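Proteins come first, then strands; the chains are lettered A, B, ... in the order of their sequence lines, and each starts at number 1. What you see is a predicted model; the values in this text were computed from it and never measured.
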Amino acid sequence: MNAMHALKQHVQPLVEEALSELGGDPALVERLLQPAREADQGDLSLPCFPFAKTLGKAPVAIAEAMAATIKPHPSVLEIHAVNGYLNIRVDPSWLATKLLSDGLDNGMERTPRTVLIEHTSANPNGPFHVGRARNAILGDTLVRLHRLWGNEVTAEYYVDDMGKQVAVLAWALEHLDEAAVDELLADREGGNPLWSGKPDHQRVRWYQAAQRLRKESEEAANIETAIGELVHASEHGDESVLASFENAYQPVLDGMLETLARLGITYDRFTKESVFVTNGDVAQLMEELGALEINGVAENGAQFLDLGARGLKGKTEFFYRRGDGSSLYATRDIAYHRWKWSKCNELINVLGEDHKLQAQQVGLTLEELGERRPEVMFYSFIKLPEGKMSTRRGNVVFMDDLLEEAREQAAAVVTDLRPEYDEGTVNTIAEAVGTSAVRFNIINVSPEKGFTFRWEDALSFESGSAPFIMYSHTRACSIQKRVHDLGVQALPSPPVPTVDAMPEGLVHLLRTLAVRDDCLEKVIREHRPHLFAEYLLQLSNAFNAFYRDCHVMESNEVNMFYFAVSELARLTMKSGMEALGIVPLTTM
RNA sequence: GGGCGUGUAGCACAGCUGGAUAAUGCACCGGCCUCCUAAGCCGGAGAUCGCGGGUUCGAAUCCUGCCGCGCCCGCCA
């Protein structure tokens, strides 16, 4: 469907030729000839200002001269010189023919890449709140977008199954009972009773109770020692301790995954951090690091790399080995990355902005070892209007609660709009609308931007939201169903009308369909899913204009060309929605 | 203090490898259901692009200084 790319291939030589005749440098055309910023001005546009000096002519005159001399081509409808710009407008008939013959398959020669995307990897110690879930939603969307682009993707969750957080949980489950936990957390608001049986919500109370004891009780020092011993044992690969950790966290992780599954998020593989300790990779790695030129040793025998020598600013010492010889989280992460590289030819991590420094350290160390550094999509945290999200202070929105609220609100809207629907239908639609709206609300903003969560935005079902896209899609589905019911089959290459017979909404839709691959390509290259969300909004909008201007059916007569365009748009919307995790309902 | 990121209409957000009148949604004002689902469509109003310098034919975009906000600167994870 890369019709705009094809257009440029046709047009560029003609523009270069015209420019050469005037004495300009044709080598500049490739870069300068780009999609027009102003949609009403054309499809491709060449600013003529850079040629003014060498040609000794005004840009306006250059553009006019080129417009007059450029050779015609079937793909080009018209060429105008405006204010020093050469504006080229695609012939919509040519475009329609091209789009319909290419179909969803964009016909570009691409070798699919093997991509490993690690995302979420949240500590399994409690339920997702909206802030932690941003990682999973962005990561899963990236996975889906890569699949749409034709890449082979493995989505991976790195399970932090050792270290302090799990140790605290395991300790709590071992040493506290229900009554003790209740007492320790007595001053807290009770959570939503809906989740009282969900293990992530249950067990996080044990974790929180233990956190209190660690800070506030008289035995704090003893507890700290006990937990320290557990951590130490896990870092040395003690199997019984690791097994007790797993018993502690696995139900929590299952509960967390249940929440994500509701959002359509699943993983192909879970890799446990402890694996790299028990299989010897970490020991081997530390040995190699110790032999590096930039290795340093502290007084107590701890070892670090001097990454300042490799351009790292700020704190330059990167410790990878403690004085007692055990590894650190980042060390294991490096071992994990080497393993990941053996499984793919492209590696992407989704990380919170708090991991930027560590990602630098891991990346530089990998390069020092002769490996490539992974690509990273960083995202900023989600705040609440009241400030930073914090479970401890109760300033938190749980994903489970948000999804429930979203479903209820959506159900209210459906019941209001479609009173004839039965309860089952309402629930199906409400669940789809609710989860899709929540996802879209997070995908829609650029990852590096701080984000303030507001209920009214998350639950907005109007223009600029997932339900808007979903609704446009159901219109296309409705058309398909009606045509199908008439017993009419789509034609592979229907007669394409001339430009004069094409309403504005149709032309706009064709041009929007034509730029999908350019958008997707950029999204994949730059890890910026929000641009595709933006595109899908535009496409839905364009479809609505087409729907307004072009009636596929007039008194049971099917316009085969309109139907073909409608179907192409429907399938493009559907695949795009799936790539964003929006549920493509056929009716709503 | 140092490093990284961010600042665009009342609110939210796009545009940032320099290019024409800064896009979109919410909220606000007005219009459209004898016609494929009005969760829609059309029109209107609303912006000193944080502030000051610089580079350029041209700056929201690049450079620089300042200001606000966020994150990081553990032999934690």
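- Remark: the backbone N or O of A:Leu536 is paired with a side-chain donor or acceptor of A:Ser540 at under 3.5 angstrom.
- A tilted orientation is assigned to the rings of A:Tyr320 and A:Phe318, their planes being inclined by 30° to 60°.
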Per-residue pairing states of RNA chain B in dot-bracket (Watson-Crick or G-U under 3.5 Å; . unpaired, | other strand) read (((((((..(((......[....))).(((((.......))))).....(((((..]....))))))))))))....
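- Heavy-atom minimum distance, A:Leu22 versus A:Lys57: CD2-NZ, 3.9 Å.
- Distance noted for atom C1' between B:A20 and B:C36: 39 Å (whole Å).
- Taking atom C1' in both B:C29 and B:G46, the straight-line distance is 11 Å, to the nearest Å.
- Of the candidates B:C36, B:A20, B:A77, B:A20 carries the atom nearest the A:Ser45 side chain, counting heavy atoms from C-beta on.
- For A:Arg332 and A:Phe276, the positive end is not near the middle of the six-membered ring at less than 6.0 Å and at most 45° from its axis.
- Nucleotides of RNA chain B nearest to A:Ser465 and A:Gly163 differ in position, and the one nearer the 5' end is that of A:Ser465.
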### Task
Under the side chain to side chain donor-acceptor pair (under 3.5 Å) rule, what do A:His337 and A:Asn349 come out as? Steps first, then yes or no, please.
CA-CA 10 Å; A:His337 273 84; A:Asn349 298 330; 2.8 Å; yes
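- For A:Asn544, counting side-chain heavy atoms from C-beta on, the closest listed nucleotide (B:C41, B:A77, B:C75) is B:C41.
- For A:Glu534, the listed nucleotide lying nearest its side chain is B:A14; candidates were B:A77, B:C16, B:A14.
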Nucleotide N/O of nucleotides 6-12 of chain B paired with protein N/O under 3.5 Å:
| residue | atom | partner | partner atom | Å |
| --- | --- | --- | --- | --- |
| B:G7 | OP1 | A:Lys449 | NZ | 3.0 |

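- Here the nucleotide nearest the side chain of A:Ile479, chosen from B:C36, B:C73, B:C76, is B:C36.
- Counting only heavy atoms from C-beta on, A:Asp354 has its side chain closest to B:C71 among B:C71, B:C41, B:A20.
- The gap from the C1' atom of B:U6 to that of B:C76 amounts to 27 Å, rounded to the nearest Å.
- Between B:C16, B:C76, B:A14, one nucleotide has an atom nearer to the side chain of A:Lys164 than all others, and that is B:C76.
- Judged purely by atom type and a 3.5 angstrom limit, A:Tyr157 uses its side chain to pair as donor or acceptor with the backbone of A:Ala122.
- Closest to the A:Arg332 side chain, of the nucleotides B:C57, B:A20, B:A77, is B:A77.
- When distances are taken from the side chain of A:Ala302 to each of B:C75, B:G3, B:G40, the shortest belongs to B:C75.
- The cationic group of A:Lys388 does not satisfy the cation-pi geometry with A:Phe381, failing either the under 6.0 Å distance to the six-membered ring centre or the 45° limit from the ring axis.
- Panel note: side chain A:His527, backbone A:Val523; no donor-acceptor pair is recorded below 3.5 Å.
- Stacking of the aromatic ring of A:His551 onto the base of B:C35 is not found under the criterion of centres within 5.5 Å and planes under 30°.
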Please set out all donor-acceptor pairs under 3.5 angstrom arising from side-chain atoms of residues 552-560 of chain A, sequence neighbours excluded.
| residue | atom | partner | partner atom | Å |
| --- | --- | --- | --- | --- |
| A:Asn559 | OD1 | A:Phe561 | N | 3.0 |
| A:Asn559 | OD1 | A:Tyr562 | N | 3.0 |

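- B:G10 and B:G68 are spaced 22 Å apart, taking the P atom of each and rounding to whole Å.
- Rounding to the nearest 0.5 Å gives a distance of 8.0 Å between NZ of A:Lys315 and CD of A:Gln361.
- The ring-ring contact (aromatic ring centres under 6.0 Å, His included) check on A:Phe543 picks up A:Phe546, with sequence neighbours excluded.
- Distance noted for atom P between B:C69 and B:U8: 14 Å (whole Å).
- Applying the 3.5 Å distance criterion, the base of B:A39 shares no donor-acceptor pair with the side chain of A:Ser472.
- Position along RNA chain B of the nearest nucleotide to A:Tyr329 versus A:Leu86 favours A:Leu86 as the more 5'-ward residue.
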Distances under 3.5 Å only, N/O to N/O: pair up the protein atoms with those of nucleotides 65-70 of chain B.
| residue | atom | partner | partner atom | Å |
| --- | --- | --- | --- | --- |
| B:G70 | O2' | A:Glu353 | OE2 | 3.2 |

Are there any protein N/O atoms within less than 3.5 Å of an N/O atom in nucleotides 42-44 of chain B, and if so, which ones and at what distance?
| residue | atom | partner | partner atom | Å |
| --- | --- | --- | --- | --- |
| B:C42 | OP1 | A:Arg548 | NH1 | 3.2 |

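- Here the nucleotide nearest the side chain of A:Leu357, chosen from B:A77, B:A14, B:C72, is B:C72.
- Formation of a donor-acceptor pair under 3.5 Å by the A:Asn135 side chain with backbone atoms of A:Thr120 is found in this model.
- The main-chain N or O of A:Glu448 is found under 3.5 Å from a side-chain atom of A:Ser380 such that the two form a donor-acceptor pair.
- The same atom, P, is picked in B:A22 and in B:A60; the two are 10 Å apart, to the nearest Å.
- Not a single donor-acceptor pair under 3.5 Å links the side chain of A:Asn125 to the backbone N or O of A:Leu169.
- Its glycosidic angle being within 90° of 0, B:C33 falls on the syn side.
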